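Bear in mind that the values here come from a model prediction, so they are computed numbers and not experimental data. Chain identifiers are assigned alphabetically (A, B, ...) following the order of the sequence lines, protein sequences preceding nucleic acid strands; residue numbering begins at 1 within each chain.
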2 protein chains.
Amino acid sequence: MAVLAQLKQREIRVPAGSLLIHEGQASTRVYTMLDGWAYRFRTLANGRRQILDFVLAGDFVGAQHALIGNAWHGVRTLTDATFCVFGRELLTDASRLSSTLSNDACVLIAHECSALEEQLLSLGQRTALERVAALLLITFRRAAALQVDRGASGVFFPATQQDIADTLGLSLVHTNKTMRRLERLTRCSLRRSRLTIEDIGALSRVANLYSDGRPITRPLL
Amino acid sequence: MAVLAQLKQREIRVPAGSLLIHEGQASTRVYTMLDGWAYRFRTLANGRRQILDFVLAGDFVGAQHALIGNAWHGVRTLTDATFCVFGRELLTDASRLSSTLSNDACVLIAHECSALEEQLLSLGQRTALERVAALLLITFRRAAALQVDRGASGVFFPATQQDIADTLGLSLVHTNKTMRRLERLTRCSLRRSRLTIEDIGALSRVANLYSDGRPITRPLL
DNA sequence: CGAAATGTTGACTATATTCAAGGCAAGTGG
DNA sequence: CCACTTGCCTTGAATATAGTCAACATTTCG
């Protein structure tokens, strides 16, 4: 912890819609999100965009860029957000600084891999309805875990339907129709950035999630 | 290196089609593949299978399982294969053992993340034709890098069309038709596990890859 | 209040899946 | 050596799923 505090350069506050990291950028900084929402994405030459995952408070940003040199995804904020800024030494020299720190970083990246795999399962094998259900469920769990009421009053989820479409590899129109259908089927709703789920069980059955709902424990940086 | 040799428990040789790691297994061992082909996968409750990526010589297997406790993918061999077996201390205590080792492990996992992201881009945004092209191209590059002739004579790629279909999130039939079409368009071919590419440029243009073709340098374990 | 962004719906089209049938190649046992 | 099986590849036809286009409603924000 003392080591962490020493490496911390400062906190930054950025407005909604900011490009925190460019695609292909070789970043010398690593961030952890303290507050707000963002997403990681890649864009194809023809302009189509794939959102890889959403970034919430506590998540790591820029690890790949620091470790690989330049990574091929960008990061953009969905809301105003605050980040804690570290130098890349946090990762590249972690083992020299603190053995637990270094190990924690590895574990966090491994968790990120695991989340990407679940998403891959969605895009490859799930129907549109299942994809939407899986995304809402996973997002709900993550956001709810950050709230004191554990999501009893619903959670804030600031993605537009276009964002969700780009996450799930579906068209905007089809995403819209599928969300309305899911809403009818399981009484979950996402209106005005507020996600509420009446019957988690019903949604889970539709989603066909791979991992069980066990709360994930992971280190904090 | 001395540390590595000390951690190495033994080498194992497994036949084609073996399940090296079960889905959901909490493994205490970590492997690096020395020779052969394998793939990582997850299965849905309804039986549909998503192949996450292919494992070639030099690749790490089981890092997630060792770091997270239990990870949700399995690993199965496509050919007879040999692995180098390490205890999980390789990862969990890496920083105490050697600072470069610990950092290298992080970098390898970060590369894996990056590869998953490219695959996510395929499943989410690319057409069937583009997906096949991207997979063949990436696989060709990886396999060619392991050969002395750099793939001049083609490379060995032991996946069946069903495997490829499960990798790309397509049906077997559509995969077949698309591969035939791609073969006509770019004069690449995959017959009897032998992948040859006449015109890399043509294939690249179809594939619309995100990352450029720069050879990837990464640490070896 | 008005403009711009986001959400909603229907009709039509394209892409991919499913079903079904047959082909080829490698391996097995008589 | 040859029939026979088995696994994998190939193709066409019918169907389902998702994408595109277009119009309009609603919300958000300046």
Fill in the blank from the handout: Taken to the nearest 0.5 Å, the spacing of B:Thr43 OG1 from B:Arg48 CZ works out to 12.0 Å

Could you give the side-chain donor-acceptor pairs of residues 167-175 of chain B under 3.5 Å, partners two or more places apart or in another chain?
unit_1   : atom_1 : unit_2   : atom_2 : d
B:Thr167 : OG1    : B:Asp163 : O      : 2.8
B:Ser171 : OG     : B:His174 : N      : 3.2
B:Thr175 : OG1    : B:Ser171 : O      : 2.7

Handout entry: Closest contact, heavy atoms only, B:Asp80 versus B:Arg13
Key = CB-NH2, 3.7 Å

Handout entry: Members of residues 153-162 of chain B that approach DNA chain D, where some heavy atom sits under 4.0 Å away
Key = B:Thr160, B:Gln161

Exercise for the section: Using whole Å, report how far CG of A:Leu172 lies from P of D:dG19. Expected result: 10 Å

Practice task
Report, as a single string ordered 5' to 3', how protein heavy atoms within less than 4.0 Å touch nucleotides 24-30 of chain D: B base, S sugar-phosphate only, - not at all.
Solution key: ---SS--

Handout entry: Minimum-distance pair of heavy atoms, taken over all atoms of B:Phe60 and B:Arg40
Key = O-NH1, 3.2 Å

Completion exercise
Output for pair (B:Leu20 CG, B:Ile12 CD1), nearest 0.5 Å, gives 5.5 Å

Fill in the blank from the handout: Residues B:Leu203 and B:Cys188: closest non-hydrogen pair is CD1-SG, 4.2 Å

Completion exercise
Atom CG of B:Asp166 and atom C1' of C:dT17 are separated, to the nearest Å, by 14 Å

Completion exercise
Residue pair A:Val173/A:Arg131 against DNA chain D: nearer the 5' end by closest nucleotide is A:Arg131

Practice task
Specify the separation, in whole Å, of atom CG of A:Leu123 and atom P of D:dA18.
Solution key: 12 Å

Problem - Residues that B:Thr139 engages under side-chain contact (heavy atoms from CB on, under 4.5 Å), provided they are two or more places apart - result: B:Trp37, B:Leu135, B:Phe157

Practice task
Would you indicate what A:Leu170 reaches in the nucleic acid, counting non-hydrogen atoms under 4.0 angstrom: base, sugar-phosphate, or nothing?
Solution key: sugar-phosphate

Problem - Closest heavy-atom pair and its distance - A:Val206, A:Ala133 - result: CG1-CB, 3.8 Å

Exercise for the section: For side-chain contact (heavy atoms from CB on, under 4.5 Å), just list the numbers for A:Thr178 and A:Arg131, CA-CA rounded to whole Å, side-chain angles, deciding distance to a tenth of an Å, and then say yes or no. Expected result: CA-CA 10 Å; A:Thr178 305; A:Arg131 288 185 211 187; over 6 Å; no

Handout entry: Strand contacts (DNA chain D) in residues 174-189 of chain B, 4.0 angstrom heavy-atom criterion
Key = B:Asn176, B:Lys177, B:Arg180

Fill in the blank from the handout: Residue pairs passing the side chain to side chain donor-acceptor pair (under 3.5 Å) test with at least one member in residues 59-69 of chain A, sequence neighbours excluded, are A:Asp59-A:Arg142, A:Asp59-A:Arg218, A:Gln64-B:Glu117

Practice task
Any chance you could measure A:Arg10, atom CZ, to A:Cys84, atom SG, to the nearest 0.5 Å?
Solution key: 10.0 Å

Practice task
Using a heavy-atom cut-off of under 4.0 Å over every strand shown, decide if B:Arg191 touches base, sugar-phosphate, or nothing.
Solution key: sugar-phosphate

